[in-house]
Amino acid sequence: MTEPDEHRAAAALLRWYAEMGVDEATAPSPTDLFEWRAGPPPAPKPTPRAAKPASAPAPETVAADEAIEEAKRIAAACDSFEALEQAVNGFEGCALKQGAKNTVFTDGVPGADLLVIGEAPGRDEDRVGKPFVGRAGQLLDRMLAAIGRSREKDTLISNVIYWRPPGNRTPTQIETAICRPFVDRLIEITGPKAILIAGGAPLQALLGVTGIMRARGIWREVETAGGARVAALPSFHPAFLLRQPASKRLAWADLKSLQARLRQD
Ligand code: URA
């Protein structure tokens with residue numbers, strides 16, 4: 001192949017990747033999945049290391065524990081929404097931040113009686129620096145409008161993770177635990193009357209419950225580290241509803257339940 005041909009072929013390959021939804025590299029070199037027919041390649045043998053005392057925790061565990069403690073300390077010292085926003089923006093304890101373009105904290109009205117909590121920023125949110133601005137966010141806006149609400153007027157929107165996980169993978173328990181003190185403090189400072197939990201990941205992060213299919217539509221209570229208790233309704237994530245429009249009927253029932261709760265004294 002001549003050099004221009006190679007460039008054209010490389011550009012065509014990149015275009016094809018983009019059309020297939022591949023938008024970032026997850027490993028330094030490609031893996032030929034066709035070679036996996038007999039099962040994935042064996043994991044590389046660990047290099048022998050000097051024996052450690054059985055009780056010594058792994059360095060990653062120590063680092064995670066330290067990050068969680070630091071997040072707790074910083075979050076507890078915040079006594080206003082602005083201070084908390086600044087603290088989250090300046091926090092370096094979550095490794096996801098290294099691969100993210102922006103910190104994505106909240107959008108909407110701090111102090112509103114409704115707080116929506118989703119999973120984590122995606123590509124659009126990472127680019128813009130605000131939660132729920134992509135297609136799922138547009139559906140969320142339409143869902144809120146259906147019960148007379150909006151992020152401009154009377155709703156605050158946030159996530160349980162503030163930095164985009166690479167390739168939009170599900171956040172790990174450690175990443176969730178590191179962000180949790182800030183989520184708790186946001187709830188304590190803004191004092192919503194109700195929380196709409198959007199999807200299975202925030203359901204697990206906030207309530208320790210798995211299975212959004214069974215949990216949706218049933219009111220529960222989120223309890224923060226500082227002892228605040230707020231009524232919370234799990235429902236489907238708007239991205240799920242984009243894939244499964246038949247489930248919008250159940251989501252609509254949840255929205256009406258939310259509206260009724262917010263209208264109660
Ligand atoms: N999905 C989420 O859970 N949060 C966002 O901010 C965007 C998409």
Side-chain angles (χ1 to χ4, degrees), residues 21 23-24 81 84-85 88-89 91 94 96-97 99-110 112 114-146 149-152 155-180 182-187 190 192 194-213 215-216 222 232-245 247-248 250-251 254-255 258:
D23 62 359
E24 75 190 287
F81 173 81
L84 185 63
E85 184 173 40
V88 171
N89 277 317
F91 183 66
C94 181
L96 290 174
K97 189 173 186 179
K101 290 194 178 71
N102 275 301
T103 298
V104 177
F105 185 42
T106 67
D107 192 23
V109 182
L114 173 59
L115 172 61
V116 179
I117 302 191
E119 179 175 333
R123 187 170 44 165
D124 294 322
E125 290 75 20
D126 182 44
R127 193 171 36 80
V128 175
K130 286 185 179 172
F132 283 102
V133 293
R135 278 185 70 222
Q138 287 157 21
L139 176 57
L140 175 63
D141 285 340
R142 293 199 293 281
M143 290 162 67
L144 291 172
R149 296 207 154 237
S150 73
R151 63 175 93 196
E152 288 78 28
T155 302
L156 183 65
I157 299 176
S158 192
N159 284 308
V160 290
I161 294 284
Y162 303 125
W163 297 277
R164 183 196 184 196
N168 292 348
R169 65 159 170 73
T170 304
T172 65
Q173 280 185 12
I174 289 178
E175 289 156 358
T176 307
I178 291 173
C179 292
R180 177 73 199 251
F182 298 112
V183 178
D184 278 1
R185 200 70 193 121
L186 178 70
I187 295 170
T190 61
I195 298 173
L196 177 65
I197 299 177
L203 172 70
Q204 173 138 38
L206 294 172
L207 295 170
V209 170
T210 51
I212 190 66
M213 291 295 176
R216 63 140 285 279
V222 169
L233 183 66
S235 188
F236 294 130
H237 193 286
F240 170 79
L241 295 173
L242 287 172
R243 294 193 303 272
Q244 304 281 336
S247 299
K248 284 184 184 170
L250 295 172
D254 298 344
L255 285 170
L258 179 66

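Numbers here are sequence positions counted from 1. As the structure lists them, so they are numbered: ligands from 1, and atoms in each ligand from 1.
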Only heavy atoms of [X], strictly under 4.0 Å: list the atoms of ligand 1 that pass.
| X | result |
| --- | --- |
| G118 | 3 (O) |
| E119 | 2 (C), 3 (O) |
| P131 | 6 (O) |

Distance from C179 atom SG to L186 atom CG, nearest 0.5 Å?
12.0 Å
Calculate, to the nearest 0.5 Å, the distance between atoms CG and OH belonging to L96 and Y162 respectively.
13.0 Å
Between D124 and R127, is there a salt bridge with N-O shorter than 4.0 Å?
yes
For atom 4 (N) of ligand 1, closest protein heavy-atom neighbour:
N159 OD1, 2.8 Å
Report the nearest protein non-hydrogen atom to atom 1 (N) of ligand 1: residue, atom name, distance rounded to 0.1 Å.
H237 NE2, 3.1 Å
Determine whether the side chain, the backbone, both or neither of A120 has a heavy atom under 4.0 Å from any heavy atom of ligand 1.
backbone
Any heavy atom of E125 under 4.0 Å from ligand 1? The part involved is side chain
If you measure from each heavy atom of K130 to ligand 1, is any distance below 4.0 Å?
no
With the threshold set at under 4.0 angstrom, would you say A136 reaches ligand 1 through any of its heavy atoms?
no
Check whether R164 reaches the backbone of E125 with its side chain - one donor and one acceptor, N or O, closer than 3.5 Å.
no
Which residue is it: N102, V104, T103? I am looking for the one with a side-chain contact (heavy atoms from CB on, under 4.5 Å) to W163.
T103
Verify the neighbour count for atom CG of L250: are there more than 12 heavy atoms of other residues, nucleotides or ligands below 6.0 Å?
yes
Give me the ring orientation class for F81 and F105: parallel if the planes are under 30° apart, tilted from 30 to 60°, perpendicular past 60°.
parallel
